[in-house]
Amino acid sequence: MEKPEKRGMIDTWLDKHRALYAAATRHEFVVSIRDGSVDLSSFKTWLGQDYLFVRGFVLFVANVLIRAGKESGETSDMEVVLGGLASLNDEIEWFKSEGSKWGVDFSNVVAQRDNQAYGSFLEALMSSEVEYSVVMTAFWAIEAVYQESFAHCLEEGNKTPAELIGACNRWGNNGFKQYCLSVKKIAERCLENASGEVLAKAEDVLVRVLEHEVAFWGMSRGGQ
């Protein structure tokens, strides 16, 4: 009989902040994609804002890669993060293709206030003063929200519009899920030996990522 997967700090925090995690992964914009009621103009708004975000996210992941190489003590950490960084090149090309498909000119897209705030948050996390375990917790949360959100749009019974299936598959596929699990394992391993002070910082960062994700989804529906 297989032993149940060991629960770590992240699972404990998700239980504690379950409502916020649900707000981030089952936002009304995500639900509207799944039930087929999505306003395509909202999707286009999200597309433009997320393209801008991803360009900044590349710099964050590059910083995570450097930290993994210098601080983790595990060569596998660097390999996992490098895989994520490499995939972002394909992701940017995907955005460009989708922009052409939907008539979204990214050169005319201006980052909304919530997008700017999220970007500033990521920049702060790139400081060398932020502990590696805290950074990895944030990295996992950012990736996991998209994975779980878009996987929901592909689950049985969905009415996701055919023209959005590709977007949902980009983050909702099993390969991306396994990648997120690998990032989570790194974060959990680092948190096992973290001090109480660092654990408090990591939990706070997790909460802040979820809050930023909720606000980011909200931009598609008239947020700031």
Side-chain angles (χ1 to χ4, degrees), residues 5-27 30 50 53-54 56-88 91 118-119 121-127 130-152 170-195 197-217:
E5 184 178 342
K6 180 181 177 182
R7 287 174 56 82
M9 288 306 306
I10 289 176
D11 295 309
T12 299
W13 293 334
L14 291 183
D15 286 343
K16 181 179 178 182
H17 304 288
R18 180 57 56 184
L20 180 57
Y21 188 67
T25 58
R26 296 293 185 272
H27 188 275
V30 174
D50 207 35
F53 175 81
V54 168
F57 186 57
V58 168
L59 301 179
F60 170 75
V61 179
N63 181 264
V64 175
L65 178 63
I66 293 172
R67 299 286 298 271
K70 291 183 176 181
E71 302 177 37
S72 73
E74 297 281 347
T75 57
S76 58
D77 287 15
M78 189 170 68
E79 292 168 1
V80 170
V81 179
L82 181 60
L85 183 60
S87 70
L88 288 174
E91 191 165 305
Y118 205 171
F121 172 70
L122 290 186
E123 287 181 15
L125 288 176
M126 289 191 280
S127 168
V130 180
E131 293 82 357
Y132 179 61
S133 56
V134 175
V135 172
M136 289 305 303
T137 300
F139 184 33
W140 169 79
I142 293 167
E143 299 284 46
V145 166
Y146 263 39
Q147 195 285 314
E148 186 161 335
S149 296
F150 285 109
H152 180 58
R170 173 128 215 116
W171 292 278
N173 68 80
N174 188 62
F176 191 66
K177 178 180 180 180
Q178 295 307 313
Y179 160 70
C180 289
L181 289 174
S182 295
V183 175
K184 184 182 181 185
K185 287 179 181 178
I186 295 172
E188 290 284 22
R189 189 197 73 234
C190 295
L191 292 168
E192 283 180 356
N193 299 315
S195 67
E197 180 181 2
V198 172
L199 289 175
K201 289 181 182 178
E203 180 181 3
D204 178 66
V205 161
L206 172 62
V207 168
R208 292 183 65 189
V209 166
L210 297 179
E211 290 173 342
H212 279 298
E213 291 289 344
V214 172
F216 200 95
W217 292 127

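Residues Ser133 and Val198 come closest through the heavy atom pair OG-CG1, 3.3 Å. Closest non-hydrogen pair, Tyr132 versus Asp77, comes out as OH-OD2, 3.0 Å. For Ala62 against Leu85, the heavy-atom pair with the smallest separation is N-CD1, 4.1 Å. Taking all atoms of both residues into account, the shortest heavy-atom contact from Ser149 to Val30 is O-CG1, 3.4 Å. Summarising the geometry of Val145 relative to Ala24, their closest heavy-atom pair is CG1-O, 3.6 Å, with the distance given to 0.1 Å. Tyr179 approaches Gly84 most closely through the heavy-atom pair OH-CA, 3.5 Å.
With values rounded to the nearest 0.5 angstrom, Leu14 atom CG is found 9.5 Å from Leu20 atom CG. Atom CZ of residue Phe57 and atom CD1 of residue Ile142 lie 5.0 Å apart, to the nearest 0.5 angstrom. Arg170 contributes atom CZ, which lies 5.5 Å from atom CD of Glu91 (distance to the nearest 0.5 angstrom). Summarising the geometry, atom CE belonging to Met136 is positioned 11.0 Å from atom CD belonging to Glu188; distances are rounded to the nearest 0.5 Å.
Side-chain contact between Leu199 and Leu191: present, with at least one pair of heavy atoms (C-beta onward) separated by less than 4.5 Å. Looking at Ser72 and Arg189, their side chains come closer than 4.5 Å, going by heavy atoms from C-beta outward. Side-chain contact between Thr137 and Met9 is absent, with no heavy atoms from C-beta onward closer than 4.5 Å. Contact of the Glu143 side chain with the Phe176 side chain is registered, since non-hydrogen atoms from C-beta on lie closer than 4.5 Å. At a threshold of 4.5 Å between non-hydrogen side-chain atoms, the residues Val80 and Phe139 do not count as touching.
Formation of a donor-acceptor pair under 3.5 Å by the Asp11 side chain with backbone atoms of Gly8 is found in this model. Checked by atom type and distance alone, the side chain of Ser127 never pairs as donor or acceptor with a backbone atom of Ala124 at under 3.5 Å.
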- Message: Before you tell me yes or no, could you show the steps for Gln147 and Thr25 under side-chain contact (heavy atoms from CB on, under 4.5 Å), namely the whole-Å CA-CA distance, both residues' side-chain angles and the distance that decides it to 0.1 Å?
- Response: CA-CA 9 Å; Gln147 195 285 314; Thr25 58; over 6 Å; no
- Item | Full working for ring pair (Phe, Tyr, Trp, His ring centres under 6.0 Å) between Phe53 and Trp217 | CA-CA 12 Å; Phe53 175 81; Trp217 292 127; over 10 Å; no
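Partners of Tyr146 by side chain to side chain donor-acceptor pair (under 3.5 Å), not counting sequence neighbours, listed by chain and number: Trp46, Asp50. Applying the side chain to side chain donor-acceptor pair (under 3.5 Å) rule to Glu211 yields no partners; only residues at least two apart in sequence or on another chain are considered. Partners of Glu79 according to the side chain to side chain donor-acceptor pair (under 3.5 Å) rule, which considers only residues two or more places apart in sequence or in another chain, do not exist here. With sequence neighbours excluded, no residue forms a side chain to side chain donor-acceptor pair (under 3.5 Å) with His27.
Using the six-membered ring where Trp is involved, Phe121 and His212 have ring planes that are tilted, between 30° and 60° apart.
Annotation: salt bridge (charged side-chain N to carboxylate O under 4.0 Å, His left out) contacts involving residues 59-71, sequence neighbours excluded, comprise Arg67-Glu71.
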Atom pairs and distances, donor-acceptor, side-chain atoms in residues 200-209, under 3.5 Å, two or more places apart:
| residue | atom | partner | partner atom | Å |
| --- | --- | --- | --- | --- |
| Lys201 | NZ | Glu131 | OE2 | 3.0 |
| Glu203 | OE2 | Lys16 | NZ | 2.8 |
| Glu203 | OE2 | His17 | NE2 | 2.8 |

